[in-house]
Amino acid sequence: MRLFFGGNWKMNKTTAEARTYLDTFLGPLSSYDADIVLFCPYMILPAASQKAKGTPLSLGAQNLYPKPSGAYTGEISPAMVKEFATYVLLGHSERRIYLGETDSFINEKVRVALREDLKVVLCVGETAKERKEGKSSAVVRKQLRACLKDIPGNNLNSIIIAYEPVWAISTFPGAKPAQPADAEEMHALIKGWFTKQYGKETRVIYGGSVKPDNCEELIVHQHIDGFLPGGASLDPESFLRIINRSLEARKRAKKP
Ligand code: 13P
């Protein structure tokens, strides 16, 4: 499957900083055969989309509200996102944990986003406690089932799953990256779920302390189709190194 690299900037960077970042980041992108997306704060999207015009970079929002318009102070509609971005990130664990987002609310957002022709990167992943209790597979299956409820299979080209174990996200206390074999096992499980549910797979990318130094050992695994780095995507050189090293490692591993 075609590799996918999404940088999740979270709540970082001003528009001026984003412009400087893109001055470095955009140049090398045309030499990479992969989907490359920056998930920027809303405020940055207009300037970033202007700079990215005519380049291989796609942009994504980090959230949306599942209504077309109305009295939802502080929220952003799918149509507003679509003016500047082609992707949206949904179900991130930081939104689940800090803002109380539930699977059913995320499901509403996925439905609306797909209806508006946005491409969705849906995050799933278990907490440290759930992993310790041996519940990782059950938790992720439940998240998939609930977040994708009533989503028909003809949408699969517009859905990417990001497996992001909460315990691996660098900003949570005690975080450590998943062992490649553990990530691979969960990716295989997610792909298996899709095959059972829809008769075909979708891309599954990994997020959680991805760095230039550990991307190669992860990407050589069969079911890992790319990455969603957070911290390491904030520096353009470091994100470019992740993309470059992963593509080279994939080539060496001769994965289809
Ligand atoms: P880190 O790469 O900083 O661990 O963040 C991962 C993440 O949450 C991406 O969505």
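Every number for a ligand or one of its atoms is a count from 1 in the order of the listing.
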If you have a sec, work out which protein heavy atom is nearest [atom] and how many Å separate them, to one decimal?
atom	value
atom 5 (O) of ligand 1	K10 NZ, 3.2 Å
atom 9 (C) of ligand 1	E164 OE2, 2.9 Å
atom 3 (O) of ligand 1	S170 OG, 2.5 Å
atom 2 (O) of ligand 1	G230 N, 2.8 Å

Problem set entry | Residue-ligand contact T171/ligand 1, heavy atom below 4.0 Å |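 No; T171 lies far enough from ligand 1 that no heavy-atom distance drops under 4.0 Å.
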Exercise. Taking C-beta and beyond as the side chain, do K149 and D103 meet within less than 4.5 Å on heavy atoms?
Worked result: no
For this session: Using a 4.0 Å heavy-atom cut-off, say whether N8 meets ligand 1 through its side chain, its backbone, both or neither.
Result: side chain
Please report, to 0.1 Å, the donor-acceptor pairs under 3.5 Å made by any side chain of residues 166-176, with sequence neighbours excluded.
unit_1: W167; atom_1: NE1; unit_2: E126; atom_2: OE2; d: 3.0

Exercise. Should we count CD of Q50 as having more than 12 external heavy atoms under 6.0 Å?
Worked result: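 Not buried by this count: 12 neighbours or fewer within 6.0 Å.
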Exercise. For K200, does the NZ atom have more than 12 heavy-atom neighbours from other residues, nucleotides or ligands under 6.0 Å away?
Worked result: yes
Problem set entry | Any side-chain donor near an acceptor of the partner, Q62 and H92, under 3.5 Å |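 No, no side-chain donor-acceptor contact under 3.5 Å.
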Exercise. Can I160 and K119 be said to form a side-chain contact (heavy atoms from CB on, under 4.5 Å), step by step?
Worked result: CA-CA 8 Å; I160 291 169; K119 292 177 200 283; over 6 Å; no
Exercise. Under 4.0 Å from any heavy atom of G231, which atoms of ligand 1 are there?
Worked result: 1 (P), 2 (O), 3 (O)
Problem set entry | Numbered atoms of ligand 1 (with element) below 4.0 Å of P229, judged on heavy atoms |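 Contacts of ligand 1 toward P229, numbered from 1: 2 (O).
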